[in-house]
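See below for the structure under consideration.
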Amino acid sequence: MFPERKCEKSMKSIFLCGFMGCGKSTIGKLLAEMLNCEFFDMDEYIVHKEKKQIPEIFAEKGEQYFRETETAVIKELSKANGVIACGGGAMLKKENSEIASENGIVVYIEAPFELCYSRISGDKNRPIVMNNTKEELNFIYDSRIPLYKEHSSVTVSGNGTPKEIAESIAKIVNE
């Protein structure tokens, strides 16, 4: 199931976490290129595996099922030796962060709410965005920050260009 290309250095997987819209996928692709690794977008991986879009999974099977699927996918991708952009809620669950930490490094991309909101506003592929107001999303954002920090190995600033942020993470990983 995993591509043949592995990171140049014998390193573990890099799990990127943070709020929706913080840049995990964009930064992850750049980081994977810099490290000559495979890149996995967890949400895309789940969509491919389930053969349904995320809103359909939420509607038909519920958020609990989706969260359990995230855990199974983290277990699976932790063996991939690449860069994994996690869904915005994946690292909120302690079990997920423990699996990820045992098999790699968890990097929290800390981006301001307004930046994240400008990227996710109106995104119909995000059930949590579609079912909440800006104020409610801000509350969700604020409640998730402590968990992201607690469940990650490293925090990097989400201010800057995607390339600058990817370079910052690459430097941390290579040290």
Side-chain angles (χ1 to χ4, degrees), residues 1-3 12-29 31-32 37-111 113 115-153 155 158:
M1 177 87 199
F2 299 118
K12 295 183 177 186
S13 294
I14 302 164
F15 295 86
L16 303 179
C17 75
F19 197 69
M20 300 170 282
C22 73
K24 298 178 295 285
S25 296
T26 302
I27 294 162
K29 288 174 189 171
L31 180 61
C37 292
E38 276 305 315
F39 170 74
F40 300 91
D41 181 296
M42 221 169 93
D43 286 343
E44 288 179 11
Y45 194 86
I46 290 170
V47 166
H48 177 75
K49 196 172 174 119
E50 293 287 316
K51 297 178 178 48
K52 293 179 193 250
Q53 295 298 312
I54 292 171
E56 293 174 287
I57 298 168
F58 267 67
E60 295 173 17
K61 297 186 177 181
E63 184 175 359
Q64 179 65 31
Y65 175 84
F66 181 78
R67 299 299 174 200
E68 290 167 4
T69 302
E70 282 182 323
T71 301
V73 167
I74 288 171
K75 287 177 184 174
E76 191 174 332
L77 291 180
S78 68
K79 295 166 180 52
N81 189 13
V83 177
I84 298 119
C86 298
M91 286 303 149
L92 300 176
K93 188 175 176 184
K94 187 171 182 159
E95 177 186 3
N96 293 350
S97 70
E98 288 172 348
I99 295 165
S101 293
E102 287 170 11
N103 294 285
I105 181 172
V106 180
V107 179
Y108 165 43
I109 302 171
E110 187 174 35
F113 174 75
L115 176 62
C116 295
Y117 185 75
S118 71
R119 295 174 176 166
I120 63 173
S121 178
D123 186 341
K124 291 180 171 51
N125 202 38
R126 298 177 189 267
I128 292 173
V129 172
M130 296 312 298
N131 295 325
N132 289 282
T133 65
K134 181 179 181 181
E135 292 74 24
E136 291 166 330
L137 288 170
N138 198 353
F139 178 80
I140 293 168
Y141 171 90
D142 289 340
S143 67
R144 288 182 174 189
I145 299 288
L147 291 171
Y148 290 139
K149 288 181 178 182
E150 179 184 338
H151 294 165
S152 60
S153 315
T155 298

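This one's a predicted model, so the numbers in the text were calculated from it and none came from an experiment.
Summarising the geometry of Cys86 relative to Ala90, their closest heavy-atom pair is CB-CB, 3.9 Å, with the distance given to 0.1 Å. Between Glu38 and Ala32, the shortest heavy-atom contact is O-CB, 3.9 Å. Considering every non-hydrogen atom in both Asn125 and Pro55, the closest pair reads OD1-CD, 3.1 Å.
In this pair, Phe19 and Phe113 present their aromatic rings tilted. The plane angle is within the 30 to 60° band. Below 30°, between 30° and 60°, or above 60°: for Phe40 and Tyr45 the angle between ring planes is above 60°, a perpendicular geometry.
Counting only residues at least two apart or in different chains, side chain to side chain donor-acceptor pair (under 3.5 Å) contacts with residues 57-66 comprise Glu50-Tyr65, Lys52-Glu60, Glu63-Arg67, Gln64-Glu68.
With contacts defined as side-chain heavy-atom distances shorter than 4.5 Å, the pair Lys75/Glu95 qualifies. Residues Val107 and Ser152 fail the side-chain proximity criterion, which asks for heavy atoms closer than 4.5 Å. The closest side-chain heavy-atom distance from Cys37 to Asn81 is not below 4.5 Å. Counting heavy atoms from C-beta outward, Lys93 and Ile74 have side chains that stay 4.5 Å or more apart. Ser78 has its side chain within reach of Phe15: a pair of non-hydrogen atoms, C-beta onward, lies under 4.5 Å apart. Using a 4.5 Å heavy-atom cutoff, the side chains of Phe66 and Ile46 are in contact. Taking 4.5 Å as the limit, some side-chain heavy atom of Asn138 sits within range of a side-chain heavy atom of Tyr141.
Distance alone, capped at 3.5 Å, places no donor-acceptor pair between the Asp41 side chain and the Ser25 backbone. Under a 3.5 Å cut-off, the side chain of Ser153 and the backbone N or O of Val106 do form a donor-acceptor pair. The main-chain N or O of Ile109 is never found under 3.5 Å from a side-chain atom of Lys24 such that the two would form a donor-acceptor pair. The closest donor-acceptor contact from the side chain of Tyr148 to the backbone of Gly88 lies under 3.5 Å.
Atom CD of Glu44 is separated from atom CD1 of Ile54 by 9.0 Å, given to the nearest 0.5 angstrom. Within the model, atoms CG of Leu137 and CD1 of Ile128 stand 8.5 Å from one another, a figure rounded to the nearest 0.5 Å. A distance of 6.5 Å separates CE of Met42 from CE of Met91, quoted to the nearest 0.5 Å. A distance of 13.5 Å separates CZ in Arg126 from NZ in Lys124, rounded to the nearest 0.5 Å. Atom CD of Glu102 sits about 8.5 Å away from atom NZ of Lys12, to the nearest 0.5 Å. With values rounded to the nearest 0.5 angstrom, Ile27 atom CD1 is found 12.5 Å from Ile14 atom CD1.
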Under the criterion side chain to side chain donor-acceptor pair (under 3.5 Å), I'd like the reasoning laid out for Ser13 against Asn103: C-alpha separation, chi angles, the key distance, then a yes or no.
CA-CA 6 Å; Ser13 294; Asn103 294 285; over 6 Å; no
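Under the side-chain contact (heavy atoms from CB on, under 4.5 Å) rule, Leu16 has a single partner from Val83, Ile84, Ile105, which is Val83.
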